[in-house]
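Inspection log for the structure reproduced underneath, given as C-alpha cells.
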4 protein chains.
Amino acid sequence: MTEKTRRRRDPEERRAEILAAAFALFSERGFAATRIEDVAARAGIAKGTVYLHFPDKEALFTSLASGMASPLLARMAEMANNDRIPPKSVIAGLYAMADSEILGTDRRHMLRLLISEGQFFPVVAEFYHRNVLSVGLALLRRVLERAAERGELRNPKVAEVPQLVFAPVLMSIIWKSLFEPYEHLDTKTVFATFLETLFLPSEGEAS
Amino acid sequence: MTEKTRRRRDPEERRAEILAAAFALFSERGFAATRIEDVAARAGIAKGTVYLHFPDKEALFTSLASGMASPLLARMAEMANNDRIPPKSVIAGLYAMADSEILGTDRRHMLRLLISEGQFFPVVAEFYHRNVLSVGLALLRRVLERAAERGELRNPKVAEVPQLVFAPVLMSIIWKSLFEPYEHLDTKTVFATFLETLFLPSEGEAS
Amino acid sequence: MTEKTRRRRDPEERRAEILAAAFALFSERGFAATRIEDVAARAGIAKGTVYLHFPDKEALFTSLASGMASPLLARMAEMANNDRIPPKSVIAGLYAMADSEILGTDRRHMLRLLISEGQFFPVVAEFYHRNVLSVGLALLRRVLERAAERGELRNPKVAEVPQLVFAPVLMSIIWKSLFEPYEHLDTKTVFATFLETLFLPSEGEAS
Amino acid sequence: MTEKTRRRRDPEERRAEILAAAFALFSERGFAATRIEDVAARAGIAKGTVYLHFPDKEALFTSLASGMASPLLARMAEMANNDRIPPKSVIAGLYAMADSEILGTDRRHMLRLLISEGQFFPVVAEFYHRNVLSVGLALLRRVLERAAERGELRNPKVAEVPQLVFAPVLMSIIWKSLFEPYEHLDTKTVFATFLETLFLPSEGEAS
DNA sequence: CATGAATGAGTCTTCATTCAT
DNA sequence: TATGAATGAAGACTCATTCAT
C-alpha cells in the first residue's frame, strides 16, 4: 500500500511539481538544452506523464513564464498603492524586494531566461507586456508622479520614463549571470546609489 | 561573371562572409535554432566549407562575439579619453552612439544574444569582462570622477557604480527585443532623461 | 497478428535481436562499413531504438565480442577437464568442435572480425585475453602436459607452447575468409593431419 | 632555386613515398580510419596530389597490398629452391625470415591488415592467392616432399597440407597485434618448437 | 492516469573526391 | 604537375513526441 502511494497525485500538485522541475532545469541550462526527460526525472515521474499535463515543451515554458510573475507583482502593487508610504520608501522597498526575491534567488535565472527566449515566444512576451509590464509601469508612474508632486525627484521627468526604474534591476541580473564569477557586483549598493540619484535626500537625511 | 566566381575566395573575406551569415541567423533565431547548413546557405557556400574556417558551431559564436565589441569600444574610448570634452557631453555622446550604432542596428540582436547565451560560453563571458567591461567601466569611472570633481553630478556616488550608466542601454535592448511590437520605447527620451538625472543642468540650460 | 506485435518486446529479447542483426552485418561488411541504421532495419526496429539498448556503435561491437566466446569455451573446458578422456581425444574433440561450431558457422566471421578490429578495441582484446585465452591456454597446457607424461607427444616441448594448438584454427579461419573462393581448404584434413603431427599414433592405430 | 626543389619529383619516387605513407597509416589505424589527407600530409604533399597517382583510396590499398609480397617471396623462393640446403634448414630459414622480416617489422601490421580487409578487396585476395599463396604453397610442398622422401618428417602427411607450415606465423601475427601488451609471446620459441614438431631431430642433434 | 519503449525527423560533423588556379 | 578550397553525400547520435500496455 505504501508501495504505490506516489501514483495518482492531485493533478494540480503534479502540475506544480513538473513546473518546479522545469524551472530548475531551464534556469540552469536554458530552454534548448533542457530535455523533457530530465524534467520528468527531476519531477520523479515518467516522460510520458509530462505530456498528460502539458501539450508540448513550449507550453512548459510559457506556463512557467506566465505563472512566475503574478505573486511578486501582487506584493509590489500592494506596496505601491499604499499612499501612506512615501514614494522614496516605496521604490526602496521595491528594490529591496527585487534584491531579495529575485536577485537573491533562482528567480533571477528565470528572468534571464525570459530575456533570452522571450523573443521566440510571442505568447510569453505579450503576456508579460500586458500583465506585468503595463501594470508595473503604471504603478511606477503613479508613484513617481506622486514623488514629483511632492518635489522629491531630482529630475521630475523621470516620471515619464518609469522604465528607468527597473533598468538597474535588469543590469544586475545580467551582471550576475555573466560576470559575477569574474567581478562581484554589490547590488545593494547599486540600488542604494540609484535611489539617491533619483530622489533628493529626505529631510533629516545626511547627504 | 559573378556567377561562378564562387570558388576560391580570399580566406579572410570568406571567413567574414560566414560570420556575417552567422550573425544574421543567430540574431534572428538564436544559437540553438540556427543550423550550420543555414549559415552556409546564407553565405552562399556548402555546409562543409564552414568547417574549413571554424572548427565547430561554438567557434562560430565565440568568434562572432569576440569580434563584435572592439570597434565600437575603441570609438567610445577615444571619446571618453578626450578631457577637453565636458563629462556630460561625453556620456551624451556615448548614449548617442549606443542609440545609433547598437539599438538602431542589428548589433542589438547580437548583444541580446550575448546576454542570452553568454552564460553557457564562459570563454565569451570572460573575454567580454576582460576586454569590454573592465575597459569600459574604467573609462566611465574616470569620466564620472571628473564630473564629480567639477560638481556636475547630482549624486557624486554614481562615480562608484559606473555600471548604472549602461543600465538604460541594456534595458532598452531588452525592451526593443521583447516589447517593441506591443509598445514603442523612445530610446532618445530614455537616454536624455537619464542623462538629466545623472547630471545637473549645465549653465545656460533651461531645466 | 505478427504484424504489429512489434512494440514493447521483452528487453532481453530485443537486445538479443539487435545483437543478432549487428552480428550478421559486422560479419558481412566489417565494423566500419556497417551503419547503425542497417542494424536497426535488420532487427526490424527504428534507428533510435538501438540506442535504447546500447550507448553507441562501439558498445554493440564489444557486447557482441564479449558475449560470443563464453558458451563455446565452457563446452571446451568441460571436455578438457575430463581426465578420463585421453589427451589426443580431447584435442581431437576440440578440433571437431572448432570445425563444426566455428568454421562451419557464421561464428568464424566474428572471429575474423575480432582479429581485424580487436586491436582498436582494447577493452575487447583484454577481455579476450583474460577470459578466453588465459583460460583456454591453461586448459590446453594441462592436457598437453598430461599427454607428455603419458609419452604420447611427438615433441613434448609443445606443452610449453600451447598456442600452437590453435594456430591451425586461425589459419583455417583466415583461409576460409580470403581464399576459399579460389581454392578449397579441407579443414577436417588440416586438423587430422595436425593432430597426427602432434601426437604419436595410438596403439592399435595404423600410421 | 632550393625553394621549390620539392616539387616535380620523379613520379615513381613520388608514388613510392605515397605508398610508404599509406603503409604507415594503414598499419597504425586500419583502412577506414586513415584519411587521404593524412596520407598526403605524411608524404609531404597536398591532398590532391595523391589523386594524380592513384584513382582512389581503394587503389592505394590494393597497390600497397600487391607490392608488399613479392620481394620477400622472391627471397623465400630462392632459399626453398636450393636443393643443397636440407629441408629442415630451409623451413628453419623461412621461419627466421618471417620472424625478422615480418614479425619484427611493421610489415606484420600490413599482414594483419590483409587478413582484416582482404575479404572486402577481392582483387587483393585473388592477387594474393595467385601470386603469393599458390607460389608459396608449391614451394613448401616441394620442400616437404623432399623431407618426406628423406624420412625427416615426423608425420609425412604434412606434405599434403603445407598450409600448416605458416599457421604458426599467422598465429604469431595475430597474437602480437592483439595480446602482446597483456602477455608476451616468444616467437623464436614458437617457431623452434614447431620446427621440432614437424621434423625428426637431425643426426647429431640432441633431442 | 501513468509508464517508458519506440519512433524518426533533425543536426552536427567527417572526409573522399573534384577542380579552378 | 601540384595545390588545397570547396563540395555534398553519408552517418552517428539526440530528443520531442506518440502510444500500447
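Phosphate contact (OP1/OP2 of E/dA2, side-chain N/O of A/Arg14, threshold under 4.0 Å): present.
Scanning all heavy atoms of the two residues, the minimum distance from C/Arg112 to C/Ser177 falls at CD-OG, 3.2 Å. Across every non-hydrogen atom of A/Ala125 and A/Gly118, the tightest pair is CB-O, 4.1 Å. When all heavy atoms of C/Met68 and C/Phe23 are compared, the pair lying nearest together is SD-CE1, 3.9 Å.
Heavy-atom distances under 4.0 Å link DNA chain F to D/Ile45, D/Ala46, D/Lys47, D/Gly48, D/Thr49, D/Leu52, D/His53 of residues 45-61 of chain D, given in residue order. A heavy atom lying under 4.0 Å from DNA chain E marks the following residues of residues 22-42 of chain D, by number: D/Thr34, D/Arg35, D/Ile36.
Residues satisfying the salt bridge (charged side-chain N to carboxylate O under 4.0 Å, His left out) test with D/Glu28, not counting sequence neighbours, are none. Applying the side chain to side chain contact (heavy atoms under 4.5 Å, CB included) rule to B/Ile174 yields the partners A/Ile115, A/Leu170, A/Ile174, B/Leu178; only residues at least two apart in sequence or on another chain are considered.
F/dT21 and E/dC1 are spaced 13 Å apart, taking the C1' atom of each and rounding to whole Å.
Formation of a donor-acceptor pair under 3.5 Å by the D/Ser63 side chain with backbone atoms of D/Leu60 is not found in this model. Of the possible polar contacts, none joining the C/Tyr128 side chain to the C/Leu114 backbone as a donor-acceptor pair under 3.5 Å is found.
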Tell me which donor-acceptor pairs under 3.5 Å the side chains of residues 32-45 of chain A have, and how far apart each pair is, sequence neighbours excluded?
{"unit_1": "A/Thr34", "atom_1": "OG1", "unit_2": "A/Leu25", "atom_2": "O", "d": "3.2"}
{"unit_1": "A/Thr34", "atom_1": "OG1", "unit_2": "A/Gly30", "atom_2": "O", "d": "2.7"}
{"unit_1": "A/Arg35", "atom_1": "NE", "unit_2": "A/Asp38", "atom_2": "OD2", "d": "3.3"}
{"unit_1": "A/Arg35", "atom_1": "NH2", "unit_2": "A/Asp38", "atom_2": "OD1", "d": "2.9"}
{"unit_1": "A/Asp38", "atom_1": "OD2", "unit_2": "A/Arg29", "atom_2": "NH1", "d": "3.0"}

TODO: Check the pair A/Ser27 / A/Arg108 against side chain to side chain donor-acceptor pair (under 3.5 Å), numbers first and verdict last.
DONE: CA-CA 8 Å; A/Ser27 293; A/Arg108 78 163 192 277; over 6 Å; no
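Base pairing in DNA chain F yields stems of at least 3 consecutive Watson-Crick or G-U pairs, both distances under 3.5 Å, namely E:2-21 with F:2-21.
Looking at heavy-atom distances under 4.0 Å, B/Pro11 makes no contact with the nucleic acid at all.
A/Phe31 and A/Phe121 have their aromatic ring centers within a separation under 6.0 angstrom.
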